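Atom set for the values below is all heavy atoms of this structure, side chains included, hydrogens, waters and symmetry mates excluded. Counting convention: from 1, in listed order, for ligands and their atoms alike. Not measured: the values here are computed from a predicted model.
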Amino acid sequence: KKVNLAVVGATGMVGRTFIKVLEERNLPIDNIYFFSSSRSAGSTVTFNNKEYVVEELTETSFDRGIDIALFSAGASVSEKFAPIAASKGCVVVDNSSCWRMNEKVPLVVPEVNPQDISCHQGIIANPNCSTIQAVVVLKPLHDKYKIKRIVYSTYQAVSGAGHNGYMDLENGLKGEPPKKFPHPIAGNCLPHIDSFLPNGYTKEEMKMVNETRKILGDYSIRITATTVRVPVFNGHSESINVEFEKQFDLEELKEVLRNAPGVVVQDDVANNVYPMPIYASGRDETFVGRIRRDESVESGVNLWVVADNIRKGAATNAVQIAEELIKMWNK
Ligand SMILES: O=C(O)C/C=C/c1cccc(C(=O)O)c1C(=O)O
């Protein structure tokens, strides 16, 4: 059965990657529609060698029998239009933070909690990019050793802040002042992603804390996070320190990761083999290395995890959710 699919936010960095990933994975699409703000409406996008005019998103955009809508147009657009789309029988896969913590909305990484997809009531939320790559690696370890505590330290590429963030690094390297970031990012690190909250954490840090618990379905896990913008064009890196309830054998733990869906282990330091953004960029897997015991606790491990934040961190994850929906409908 073919589906009618809409891309909302079609001209943004994630929207354009939705299109690329939809082509690569050859979803059974009958009709496809592209929507954007009035600012970008009228421009054209190419899908499967055919040109389409991008339409302005309105309340009636979903009155044409759309089965799935992939949203990446910001939280305010999702807040207004996702319920409208859902009310017309469309299933929305939303890349914004708007609906992620809503108890009626499953928050899904297909390799981690695919079973939650069938609980949807019209909207399925795509997690934050930094959370996605972390839980892909943590889920198999949680299942086997039961996670007690996680310490996240992230090194996030400028592409996570969209085109303007990307240009701040490109132009910053030529000495130009930043437009998107509060300080120069070239040759610098900013411990500031999204806005600061009263508890001194940023929204990005609390997204990782809250979303990890919801996706793993375990609100007893203790988590803290520090998220940092670094002068890397694309690909997020994360140092993840994990403490388990149970003891583990390090070689067995590495084997668990080698067998985990969506994970590639790159861990051979004698030959300088470890995950790097320049390698992960453009790929859909989550890469893990520097796997070593944390000798400072009873049962702990340190991991270095890298993934393409625009692909697996957003577009590919959302398209994989769409694939699962289509599989469910075709059973
Ligand atoms: O900055 C990054 O590396 C990730 C940014 C994610 C982001 C940026 C603006 C708005 C949102 C949002 O939807 O709130 C999000 C997100 O959480 O996915």
Side-chain angles (χ1 to χ4, degrees), residues 8-9 11-18 37 69-83 92-102 105-109 123-135 152-169 178-183 185 188-197 201-215 225-239 277 280-281 286 305-319 321:
V8 177
T11 57
M13 198 177 270
V14 173
R16 284 188 286 108
T17 311
F18 278 148
S37 63
L70 305 180
F71 273 58
S72 193
S76 52
V77 169
S78 296
E79 184 174 23
K80 176 177 180 184
F81 289 98
V92 173
V93 182
D94 179 27
N95 185 45
S96 85
S97 59
C98 178
W99 300 100
R100 288 180 188 148
M101 300 316 292
N102 185 304
V105 175
L107 181 63
V108 176
V109 177
I123 301 173
I124 301 167
N126 211 41
N128 173 269
C129 45
S130 301
T131 307
I132 291 175
Q133 66 184 74
V135 295
Y152 287 133
S153 303
T154 75
Y155 309 74
Q156 301 185 213
V158 293
S159 63
H163 177 74
N164 295 336
Y166 194 96
M167 293 314 294
D168 267 7
L169 177 53
K179 292 180 181 158
K180 171 76 178 178
F181 298 122
H183 303 289
I185 186 59
N188 198 19
C189 290
L190 304 179
H192 177 186
I193 297 179
D194 210 325
S195 46
F196 282 102
L197 295 165
Y201 283 72
T202 59
K203 282 186 179 177
E204 183 79 358
E205 288 156 354
M206 293 315 295
K207 285 171 183 176
M208 291 196 78
V209 172
N210 295 322
E211 293 176 24
T212 298
R213 289 185 178 135
K214 179 168 178 179
I215 294 164
T226 302
T227 61
V228 179
R229 187 74 65 197
V230 295
V232 167
F233 281 111
N234 194 51
H236 285 358
S237 306
E238 301 177 356
S239 167
S281 184
T286 297
V305 177
V306 180
D308 183 319
N309 52 293
I310 301 294
R311 288 183 67 98
K312 182 53 190 172
T316 305
N317 197 75
V319 171
I321 292 171

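The side chain to side chain donor-acceptor pair (under 3.5 Å) test with Tyr152 singles out one residue from Thr212, Thr131, Thr227, and that residue is Thr212.
Aromatic pair Phe81/Phe71: ring centres not closer than 6.0 Å.
Using a 4.0 Å cut-off between a side-chain N of Lys or Arg and a carboxylate O of Asp or Glu, Arg100 and Asp94 do not qualify as a salt bridge.
If you look at ligand 1, the protein residues with a non-hydrogen atom under 4.0 Å away are Asn95, Ser96, Ser97, Arg100, Asn128, Cys129, Gln156, Gly160, Ile193, Glu204, Lys207, Arg229, His236.
In plain terms, the two heavy atoms of His236 and Cys129 that are nearest each other are NE2-SG, 3.5 Å. Across Leu190 and Pro182, no two heavy atoms sit closer than the pair CD1-CD, 4.2 Å.
Among residues two or more places apart in sequence or in another chain, the ring pair (Phe, Tyr, Trp, His ring centres under 6.0 Å) test is passed with Tyr201 by none.
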